[in-house]
Amino acid sequence: MELRDLSDHVEYRAGRGIEEVARELGRDPSDFVKLSSNENPHGPSPKAAVAIREAATEVHRYPKAVHADLTTALADRWDVDDEQVWVANGGDGALDYLARATLDPGDSVLVPSPGFTYYGMSARFHHGDVAEYDVAEGPDGFEMTPEAVLDAYDGERVVYLTSPHNPTGARFTLDEVEAVADRTDDDTLVLVDEAYGEFTETPSAVSLFDDRDDTDEQSSSSNHASRDDVAVLRTFSKAYGLAGIRLGYAVVPESWADAYARVQTPFAASVIACQAGLAALEDDEHVETTTESVEWGRQHVHEHLDAPTYESHGNFVLAKVGDAASVTEAAKREGVLVRDCTSFGLPEHVRITTGTREETERAVAVLNGVLDE
Ligand SMILES: *Cc1c(COP(=O)(O)O)cnc(C)c1O
């Protein structure tokens, strides 16, 4: 038999693991630091690690109760109803659910370029077409503006805003997100991907669900009903250090209350993932350690890397190094893995995830050595 036509589908290319690279170069994995996938260098929350071990004896059961518990904990965290939280197998899984819930065959979506590959992949899986808006380099770095989005906008069904943006580190302010939502059609979903939301001071777009004018007696109720054209994506993969467990979620409008049950893959998140997520949510100390170390790391790269860098709201810094492929390759031979952004369409840039202090210092020193050659 023939598969469906997959020629428009692109492969997701994840950063390569240390083991893989060490084997290729015939070296010891402990020689390498991996700052290429925006993972948490401090590991998972220790509380989550305990919860994962304890979950081992529960895994013969389907994750019904614990899935509900995690949903409730997340709803409390965001001050929304349980029905507004769509738990999924990673943020990527939540992207799929949102595509399933919104796209009819032939609908189009609008994605940032450069940007996160999975948006387009997910839309195509669901028989959608993909158009792009530019995140272009201006005099002050990469510019993400409502105007750039709206110039490219042509009635697409979903508009993806990555804020903070991977790989540039730029962000949309809340007002800018709202401007895009206000100026696109009522039938267009503005999907705000906050995978890096813990690393920025910018408030989450979840607040757009609030009836902002609730207290305004004069406001007519129809104008100020809770927004139903914005959804927010969050993940446990970055700040919480749980990338390997695959846990993420979307926060969606109130009016979508019964849709999740219709689009979710049954038991989207495992018992292990749900228990880990519940424990990680309680572990403020781990998130604080992580975000403080990210702030330090970004500063260190900005100040000490001998290449232009861009302000970042994520746990990484984009740097303009010239020939990204050869710089990445040379750094790899010195034991430092960074992300060559050629596949994002940025052949002169590398993305450096902030590591522990030691790792970040080593990465900057190695890259400076390479850049000096
Ligand atoms: C990491 C990331 C995600 C989510 O990744 P998951 O591991 O699937 O949760 C989503 N969007 C962007 C831009 C990311 O970088």
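Bear in mind the structure is a predicted one, so any value in this text is a computation, not a measurement. Order of listing sets the numbers, starting from 1, for every ligand and every atom in it.
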| task | Below 4.0 angstrom from a heavy atom of Thr162, which ligand 1 atoms are there? Numbered from 1 as shown, please. | result | 13 (C)
| query | Between Tyr260 and His67, what is the ring plane arrangement, given parallel below 30°, perpendicular above 60°, and tilted in between? | reply | parallel
| request: State if Asn38 counts as touching ligand 1 under the rule of any non-hydrogen atom under 4.0 Å. | output: no
| said: Tell me whether Glu39 is salt-bridged to Lys34, with the criterion being a basic N under 4.0 Å from an acidic carboxylate O. | reply: yes
| Would you say the side chain of Val80 lies within less than 4.5 Å of the side chain of Val252, judging by non-hydrogen atoms? | no
| Mode of Asp92 contact toward ligand 1 - side chain, backbone, both, neither (heavy atoms, under 4.0 Å) | both
| said: Heavy-atom distances under 4.0 Å decide this one: backbone, side chain, both or neither, for His165 against ligand 1? | reply: neither
| request: Name the closest protein heavy atom to atom 15 (O) of ligand 1, giving the residue it belongs to and the distance to 0.1 Å. | output: Tyr196 OH, 2.6 Å
| request: Give the residue, atom name and distance (to 0.1 Å) of the protein heavy atom nearest atom 14 (C) of ligand 1. | output: Lys238 NZ, 3.1 Å
| Glu311 with Arg171: basic N within carboxylate O range, under 4.0 Å | no
| message | Which of the numbered atoms in ligand 1 are under 4.0 angstrom from any heavy atom belonging to Gly90? | response | 8 (O), 9 (O)
| request: Give a yes or no on this: more than 12 heavy atoms of other residues, nucleotides or ligands lie within 6.0 Å of atom CD of Glu303. | output: yes
| message | At less than 4.0 angstrom from any non-hydrogen atom of Thr235, what atoms of ligand 1 do you find? | response | 6 (P), 9 (O)
| said: For atom 8 (O) of ligand 1, what's the nearest protein heavy-atom neighbour? Residue, atom name and distance, please. | reply: Arg246 NH2, 2.7 Å
| said: Taking the basic N atoms (NZ, or NE/NH1/NH2) and the acidic carboxylate oxygens, is any pair closer than 4.0 Å for Arg227 and Asp182? | reply: yes
| task | Taking only heavy atoms of Ala195 into account, list the atoms of ligand 1 that are under 4.0 Å away from them. | result | 2 (C), 3 (C), 10 (C), 11 (N), 12 (C), 14 (C)
| Salt-bridged, Arg234 to Asp193, with N to O below 4.0 Å? | no
| query | Is there a donor in the side chain of Tyr119 and an acceptor in the side chain of Thr162, or the other way round, less than 3.5 Å apart? | reply | yes
| query | Applying a strict 4.0 Å limit to heavy atoms, is Gly248 in contact with ligand 1? | reply | no
| note | The closest protein heavy-atom partner of atom 10 (C) of ligand 1 is Asp193 OD2, 3.4 Å
| request: State the atoms of ligand 1, each with its element, that fall below the 4.0 Å cut-off from a heavy-atom position in Ser237. | output: 6 (P), 7 (O), 9 (O)
| query | Would you say Gly91 and ligand 1 have an N/O pair spaced under 3.5 Å apart? | reply | yes
| query | Salt-bridged, Glu334 to Arg362, with N to O below 4.0 Å? | reply | no
